[in-house]
Amino acid sequence: MLNKLIKSLENAPVIMKGDYPYFIHPLTDGVPELDPDIVREAVSGIIRIADLDVDKIVTVEAMGIPVATALSLAVSIPIVVVRKRAYNLPNEIVVDQQTGYSKGKLYINGIEKGDRVILVDDVISTGGTALATLKALERAGAVIKDFVAVVEKGDGAKMLREMGYNVKSLVKIEVSKDGVRILDHI
Ligand SMILES: O=P(O)(O)OC[C@H]1O[C@H](OP(=O)(O)OP(=O)(O)O)[C@H](O)[C@@H]1O
Ligand SMILES: Nc1nc2[nH]cnc2c(=O)[nH]1
């Protein structure tokens with residue numbers, strides 16, 4: 001069911017960002033070209049495991065957008081994109097984001113108190129991005145049903161599960177300088 005996604009992850013090149021082994025894949029980087037079948041596999045997988053009884057799909061720019069958009073089209077639920085630049089709208093929520101290789105700020109607009117949401121992203125690794133986003137969604141008064149990442153790498157998902165969040169993923173991988181190894185998948 002996730003055949004093309006898994007095969008392409010197994011063949012993904014890895015580069016070092018300092019000490020951080022970073023895999024490069026069409027769904028998570030936009031390069032090389034993204035096969036629509038891979039997006040379809042990811043969307044079908046999310047629909048299979050996620051609680052989609054929600055008002056809004058929330059995703060984080062940039063590489064959450066392709067999969068969240070395809071999911072939105074499939075289930076007719078609108079998306080809100082967490083941005084990396086300010087709009088200075090009333091009630092904008094600003095949080096610090098840290099990944100294994102970058103630091104920045106996230107800006108959340110468009111979430112109303114009581115909105116039932118699912119957070120969708122292409123990857124979870126350290127969990128820094130997801131945690132910052134989940135905290136901001138809580139501050140906005142959203143009811144967070146699920147967080148689904150297409151690819152789970154590292155310990156971030158485990159940390160968030162231990163904090164009580166519903167974290168799901170389609171494929172779990174281990175990444176080293178030598179390449180990507182598939183550990184588990186739905
Ligand atoms: O669990 P973490 O360690 O926080 O890593 C996960 C985040 O890293 C990637 O985004 P990135 O910040 O690289 O931005 P991009 O989507 O614009 O490439 C990915 O899209 C996740 O949002
Ligand atoms: N493409 C990609 N995105 C990431 N986000 C967090 N870690 C990674 C990674 O290793 N590769």
Side-chain angles (χ1 to χ4, degrees), residues 2 4-35 38-39 42-43 45-46 57-72 79-86 93-108 117-137 144 146-163 165-185:
L2 297 176
K4 285 196 174 182
L5 175 62
I6 288 169
K7 206 172 177 42
S8 55
L9 281 166
E10 282 171 337
N11 293 320
V14 174
I15 55 168
M16 294 305 292
K17 287 183 181 271
D19 290 337
Y20 185 88
Y22 181 99
F23 72 96
I24 302 170
H25 182 272
L27 193 73
T28 59
D29 294 277
V31 289
E33 78 280 2
L34 177 53
D35 179 344
I38 292 180
V39 187
V43 167
I46 294 170
I57 297 164
V58 178
T59 195
V60 184
E61 90 166 269
M63 292 313 300
I65 295 175
V67 67
T69 303
L71 176 65
S72 168
I79 63 171
V80 168
V81 179
V82 176
R83 298 299 311 266
K84 293 176 179 167
R85 64 185 168 88
I93 295 173
V94 187
V95 285
D96 292 315
Q97 175 212 20
Q98 183 161 0
T99 70
Y101 47 88
S102 64
K103 270 185 185 176
K105 289 198 185 298
L106 299 177
Y107 301 85
I108 288 143
V117 302
I118 179 173
L119 176 61
V120 172
D121 210 347
D122 57 327
V123 189
I124 180 166
S125 175
T126 66
T129 305
L131 182 59
T133 307
L134 292 165
K135 291 286 174 207
L137 289 169
I144 303 160
D146 264 347
F147 165 43
V148 184
V150 177
V151 180
E152 175 180 339
K153 163 190 176 185
D155 292 335
K158 187 164 164 268
M159 170 193 77
L160 292 177
R161 287 183 193 114
E162 285 168 4
M163 293 173 75
Y165 293 106
N166 288 328
V167 182
K168 298 169 181 172
S169 65
L170 306 188
V171 187
K172 195 169 174 192
I173 63 171
E174 185 179 75
V175 184
S176 72
K177 64 176 179 18
D178 302 321
V180 173
R181 195 161 74 89
I182 307 294
L183 298 179
D184 202 3
H185 64 86

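Numbers here simply count residues along the sequence, with the first being 1. In listed order, ligands and their atoms are each counted from 1.
Listed by atom number, the atoms of ligand 1 under 4.0 Å from Tyr101 heavy atoms are 8 (O), 9 (C), 11 (P), 13 (O). Listed by number with element, the atoms of ligand 1 under 4.0 angstrom from any heavy atom of Gln97 are 12 (O). Within ligand 1, the atoms closer than 4.0 Å to a non-hydrogen atom of Ala62 are 15 (P), 16 (O), 17 (O), numbered from 1 in the order shown. In the vicinity of Tyr20, heavy-atom distances shorter than 4.0 Å reach the ligand 2 atoms 6 (C), 7 (N), 8 (C), 10 (O). Near Val123, meaning under 4.0 Å from one of its heavy atoms, ligand 1 places the atoms 6 (C), 21 (C). Ligand 1 places these atoms under 4.0 Å from at least one heavy atom of Gly128: 1 (O), 4 (O). Within ligand 2, the atoms closer than 4.0 Å to a non-hydrogen atom of Ser125 are 6 (C), 7 (N), numbered from 1 in the order shown. Remark: ligand 1 atoms within the under-4.0 Å shell around heavy atoms of Glu61 are 16 (O), 17 (O).
Residue Lys153 has at least one N or O atom closer than 3.5 Å to an N or O atom of ligand 2. Not a single N or O atom of His25, backbone or side chain, sits closer than 3.5 Å to an N or O atom of ligand 2. Residue-to-ligand polar distances place Phe23 within reach of ligand 2: an N/O pair is separated by less than 3.5 Å. At least one N or O atom of Asp122 sits closer than 3.5 Å to an N or O atom of ligand 1.
Atom CG of Asp35 has more than 12 heavy atoms from other residues, nucleotides or ligands within 6.0 Å. More than 12 heavy atoms of other residues, nucleotides or ligands shown are found within 6.0 angstrom of NZ on Lys17.
Contacts between Asp121 and ligand 1 below 4.0 angstrom, taking non-hydrogen atoms only, involve the side chain exclusively. When non-hydrogen atoms are compared, ligand 1 lies under 4.0 Å from the backbone of Thr129 as well as from its side chain. Contacts with ligand 2 closer than 4.0 Å are made by side-chain heavy atoms of Asp29 only, the backbone lying farther away.
Less than 6.0 angstrom separates the ring centroid of Tyr20 from the ring centroid of Tyr101.
Residue contact check for ligand 1: Gly127 places a non-hydrogen atom closer than 4.0 Å to it. At least one heavy atom of Lys84 sits closer than 4.0 Å to an atom of ligand 1.
At a threshold of 4.5 Å between non-hydrogen side-chain atoms, the residues Ile182 and Glu10 count as touching.
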